[in-house]
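Below is one structure, written out as structure tokens; comments come after it.
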Amino acid sequence: MAEKVHITTAITYSNGPPHIGHAYEYLATDSYVRYQRRKLGRENVTFVTGTDEHGDKNYRAALAEGLKPKPFVDRISELFRAAHAGLNISYDYFVRTTDPRHQEFVQRMLQRARDRDEIYYRDYEGLYCVGCERFYTEKELLPGNLCPAHNRAVEFIKEGNYFLRLEKHRAEIRSHVERPGFIRPERYLNEVLNMLAEPIEDLCISRPKSRLDWGIELPFDSNYVTYVWYDAFCAYVSELPDTSDAALSAILPVTEHFIGKDILKTHAIYWPAMLISVGLPVYRCLNVHGWLNYGGQRFSKSSGNVADPLEYEKTYGPDVLRYFMLRDIVYGLDGDFSDERIIERYNADLANDLGNLTSRVLSMTQRYFGGEITSAPGANAEDRALAGVFAAIAEKAGAFTEELAFNRALEVIWQALDAANKYIVATSPFTLAKDRANLPRVAEILATLLEGLRVAADTLEPFMPTAARRILELLAVDEQSARAPYGRGLKPGHRVKPPVPLFPRIEKPHN
RNA sequence: GGCGGCGUAGCUCAGUUGGUUAGAGCGGAGGUCUCAUAAUCCUCAGGUCGUAGGUUCGACUCCUACCGCCGCCA
């Protein structure tokens with residue numbers, strides 16, 4: 001049986017429009033997905049993303065705009081769907097937690113957990129923050145009973161609620177967390193282990209409708225809706241074509257989640273507990289990324305520097321934001337983001353290296369041979385050296401991609417482009433071409449380069465899908481030849497197209 | 001308060017299990033070629049590797065303390 005993988009982004013909370021932080025998660029995940037599709041075959045990879053639409057904060061965001069919750073989240077969800085389209089995110093399923101199919105699945109999970117006595121009822125009283133949608137203990141609060149996250153008064157609430165047994169499963173959860181590679185990068189492992197070192201409280205998974213009815217009703221008590229996190233986790237699998245136990249038991253062990261570091265705890269503890277409580281296997285791993293800063297400052301709605309990712313697509317063209325984020329940010333660490341840095345990368349890497357290399361090679365092929373490849377790649381030492389560099393990039397970049405080191409993967413490709421530029425200077429085909437007697441050698445040199453460019457474009461596809469396709473179109477290569485190893489793609493007699501500027505230099509910073 | 005991370009050239013970062021002159025890219029300076037998007041290519045950075053000690057024949061790489069950021073927990 002073929003190896004499969006199921007990949008998800010976080011199901012995004014829909015209390016506001018998409019910003020650049022969301023885009024980062026989608027782009028990184030999408031590139032990983034595209035890589036996996038190439039490796040395993042498209043049919044063996046599923047990619048789920050979507051919007052998390054229930055809960056107190058969404059409800060309040062809707063009220064703030066004078067809307068009922070459903071029309072509000074309809075609008076927000078549509079914005080996210082548009083962002084995915086604009087960013088070229090190749091998801092297979094876009095889940096909305098308000099979809100009937102998803103809601104039915106959540107209720108199935110809840111009922112099963114209840115039947116297995118994994119959910120129980122008890123009275124609870126405490127200090128509750130509506131912003132956080134959680135209870136606080138008194139010593140967690142700021143003076144004056146203020147919520148430490150929102151700096152606003154918490155409310156005293158006494159009510160019966162349903163709880164999911166967590167402590168009972170703590171050892172089992174820990175055994176999953178400790179699995180090698182379960183949490184990537186490993187730097188986040190300790191945090192979770194610390195949380196699991198001591199007894200953990202069972203998780204309240206209900207909200208009385210009297211307080212909040214914007215949620216999925218508990219199947220065993222119509223006075224309650226379920227906690228938004230319980231709801232959201234289910235979305236990772238709820239809309240797959242087959243949600244039978246057998247299907248889920250197959251898909252969960254090959255499931256990889258991409259999340260931000262802020263939701264590490266919920267994913268590392270609550271979600272495994274939910275799965276264990278219904279007798280399903282725990283997912284394979286959590287890929288945790290950092291936050292994005294803008295010019296050194298954290299993105300936030302209040303500071304007003306929340307950038308619309310689609311504006312960047314419009315300004316710089318497709319793939320540029322994606323290239324920048326993958327190349328300039330170390331996965332797992334916080335990253336800094338600014339127009340100045342994008343433009344630096346754009347000019348240095350995309351215009352000067354990739355774009356210009358494509359132009360000069362295609363231009364010489366056009367000028368000296370009317371676009372026709374008339375030779376196989378050369379066999380001199382310098383030719384073979386360059387061929388060797390390009391022949392190795394797919395495997396090297398792949399290994400880095402597997403470990404989420406997207407920056408290193410791209411570096412490998414760029415080292416090859418660099419070698420190609422040096423090779424052009426060293427072999428000087430443009431000088432040789434002045435004497436027609438040298439044209440056979442010039443043909444070898446260009447064939448060596450064109451084949452390298454082809455391999456580079458092919459390897460680049462997961463990280464720059466649009467640009468890679470444009471280069472392969474300029475090379476006029478069919479899909480099968482595009483994927484071939486170095487030396488097996490472009491053949492003598494093949495005709496390539498004249499160059500077009502892929503990434504025109506940006507001379508002045510945009511505002 | 002507890003646990004953990006980070007602090008290397010102007011900027012962003014690499015630096016394997018400690019070992020000859022600490023590396024790369026970008027930016028900046030000079031030069032070169034002319035196929036190419038004034039792009040390419042070559043040369044140039046002398047940075048007390050946060051501070052102070054310690055271990056060692058020898059530490060950016062190990063240990064301790066401290067300073068400065070940051071995260072998680074309490």
Side-chain angles (χ1 to χ4, degrees), chain A residues 136-141 148 183 185-201 260-266 268-269 288-291 293 295-298 317 324-338 340-369 371 400 405 407-408 410-415 417-434 438-439 442-443 445-446 449-450 453 467 474 498-507 509:
Chain A
Y136 280 97
T137 59
E138 281 187 42
K139 64 177 179 179
E140 286 177 306
L141 296 172
I183 293 182
E186 204 173 324
R187 59 173 37 234
Y188 294 106
L189 175 62
N190 266 333
E191 287 186 18
V192 179
L193 289 179
N194 283 344
M195 297 175 206
L196 290 169
E198 290 172 29
I200 49 179
E201 283 189 40
K261 63 182 183 180
D262 51 324
I263 52 178
L264 172 61
K265 176 181 182 176
T266 52
I269 297 178
V288 187
H289 65 255
W291 280 333
N293 299 311
Q297 286 205 310
R298 171 89 198 278
F324 172 81
M325 287 179 162
L326 296 179
R327 178 62 188 83
D328 223 54
I329 296 171
V330 178
Y331 190 86
L333 301 182
D334 290 358
D336 198 50
F337 174 87
S338 70
E340 289 71 23
R341 293 183 59 159
I342 290 185
I343 291 170
E344 272 180 28
R345 279 289 177 197
Y346 179 97
N347 280 336
D349 298 357
L350 301 182
N352 295 355
D353 291 341
L354 179 61
N356 184 53
L357 176 66
T358 304
S359 281
R360 64 196 305 209
V361 173
L362 288 177
S363 174
M364 284 190 277
T365 308
Q366 201 63 36
R367 175 184 297 229
Y368 305 138
F369 300 100
F400 283 127
N407 59 327
R408 307 291 298 278
L410 288 165
E411 207 173 89
V412 165
I413 298 171
W414 256 260
Q415 281 167 356
L417 300 178
D418 208 47
N421 272 324
K422 288 177 168 60
Y423 170 86
I424 293 177
V425 171
T427 56
S428 294
F430 43 84
T431 304
L432 293 176
K434 289 173 181 169
N438 291 327
L439 281 182
V442 173
I445 293 167
L446 291 178
L449 286 163
L450 286 163
L453 193 58
L474 288 172
V500 294
L502 294 171
F503 301 101
R505 274 184 69 85
I506 299 173
E507 294 304 340

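Keep in mind that the numbers below use all heavy atoms, side chains included, and drop hydrogens, waters and symmetry copies. The structure displayed is predicted, hence computed values, not measured ones.
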What is the distance, rounded to the nearest whole Å, between atom CG of A:L449 and atom P of B:rU40? 16 Å
Between B:rU12 atom P and A:Y331 atom OH, what is the distance in whole Å? 22 Å
Is the shortest side-chain heavy-atom distance between A:D262 and A:W291 below 4.5 Å? yes
Separation between the P atoms of B:rC60 and B:rG23, rounded to whole Å: 13 Å
Donor-acceptor pair, side chain of A:Y346 and main chain of A:P504, under 3.5 angstrom: yes
Nearest to the A:R360 side chain among B:rC73, B:rU34, B:rA36, which nucleotide is it? B:rA36
Among the nucleotides B:rG25, B:rU34, B:rU37, whichever has the atom closest to the side chain of A:F430 is B:rU34
Nucleotide of B:rG25, B:rU34, B:rU40 approaching A:D353 most closely (side-chain heavy atoms): B:rU40
Could you measure between the two C1' atoms, the one in B:rU17 and the one in B:rA9, and give it in whole Å? 27 Å
Taking only heavy atoms on the protein side, list every residue of residues 421-429 of chain A lying under 4.0 Å from any atom of RNA chain B, sorted numerically. A:N421, A:K422, A:V425
Closest nucleotide among B:rC41, B:rC73, B:rU37 to the A:S359 side chain: B:rU37
Side chains of A:F369 and A:L439: does their closest heavy-atom pair fall under 4.5 Å? yes
Ignoring backbone atoms, test whether A:R408 places a side-chain nitrogen or oxygen under 4.0 Å from the OP1 or OP2 oxygen of B:rA14. no
Separation of B:rC70 C1' from A:D262 CG (nearest whole Å): 15 Å
Rounded to the nearest angstrom, tell me the gap between atom CG in A:N352 and atom C1' in B:rC26. 11 Å
Between A:R187 and B:rG4, is there a side-chain N or O to OP1/OP2 distance below 4.0 Å? no
Which of these nucleotides, B:rG71, B:rC13, B:rU34, is closest to any side-chain atom of A:K434? B:rU34
Residues A:L333 and A:I329: closest non-hydrogen pair is O-CG2, 4.0 Å
A:L474 versus A:L502: any side-chain heavy-atom pair under 4.5 Å? yes
Could you give the distance separating B:rC3 and B:rU8 at their P atoms, to the nearest angstrom? 25 Å
Rounding to the closest angstrom, what is the interatomic distance between B:rG19 and B:rU34 at atom C1'? 47 Å
Could you check which of B:rU40, B:rG4, B:rU12 has an atom nearest any side-chain atom of A:N190? B:rG4
Do the side chains of A:D328 and A:F337 get nearer than 4.5 Å, heavy atoms only? no
When you match A:L350 and A:M195 each to their closest nucleotide on RNA chain B, which lands nearer the 5' end? A:L350
Between A:T358 and A:E191, which residue's closest nucleotide on RNA chain B lies nearer the 5′ terminus? A:T358
Rounded interatomic separation in angstrom, taking CZ from A:F337 and C1' from B:rC13: 19 Å
Of all the nucleotides listed (B:rC35, B:rA39, B:rU37), which has the minimum atom distance to the side chain of A:M364? B:rC35
From the list A:I424, A:D418, A:V425, side-chain contact (heavy atoms from CB on, under 4.5 Å) partner of A:K422 resolves to A:D418
Separation of atom CG in A:N407 from atom P in B:rC13, rounded to whole Å: 10 Å
When the distance from CD1 of A:I343 to C1' of B:rG25 is rounded to whole Å, what number comes out? 18 Å
Need one value for A:L357: base, sugar-phosphate or nothing, where a base atom within 4.0 Å counts as base even if backbone is also close, heavy atoms only. nothing
Quick one: which of B:rA36, B:rG71, B:rU34 gets closest to the side chain of A:N356? B:rA36
Residue pair A:L449 / A:R360, side-chain heavy-atom distance below 4.5 Å: no
Between A:V288 and A:G260, which heavy-atom pair has the shortest distance, and what is it? CG1-C, 4.1 Å
Side-chain N or O of A:N347 closer than 4.0 Å to phosphate OP1/OP2 of B:rU37: no
Work out how far the P atom of B:rA24 is from that of B:rC44, and round it to whole angstrom. 10 Å
Minimum side-chain heavy-atom gap A:W414-A:L354 below 4.5 Å: yes
Suppose you measure atom C1' in B:rC41 against the same atom in B:rU32; what distance do you get, rounded to whole Å? 7 Å
In which stems does RNA chain B show up, taking only runs of three or more Watson-Crick or G-U wobble pairs whose two distances fall under 3.5 Å? B:1-7 with B:67-73, B:10-13 with B:23-26, B:28-31 with B:41-44, B:50-54 with B:62-66
Spacing between A:L354 atom CG and B:rU40 atom C1', to the nearest angstrom: 14 Å
With A:K265 via salt bridge (charged side-chain N to carboxylate O under 4.0 Å, His left out) - residues at least two apart: none
With rounding to the closest Å, how many angstrom separate the C1' atoms on B:rU40 and B:rC35? 10 Å
B:rC49 and B:rU61: how far apart are their C1' atoms, nearest whole angstrom? 10 Å
Would you find a donor on one side and an acceptor on the other, under 3.5 Å apart, between the side chain of A:N347 and the backbone of A:I506? yes
Have a look at A:Y368 and say if it touches a base, only the backbone sugar-phosphate, or nothing, with a 4.0 Å heavy-atom cut-off. sugar-phosphate
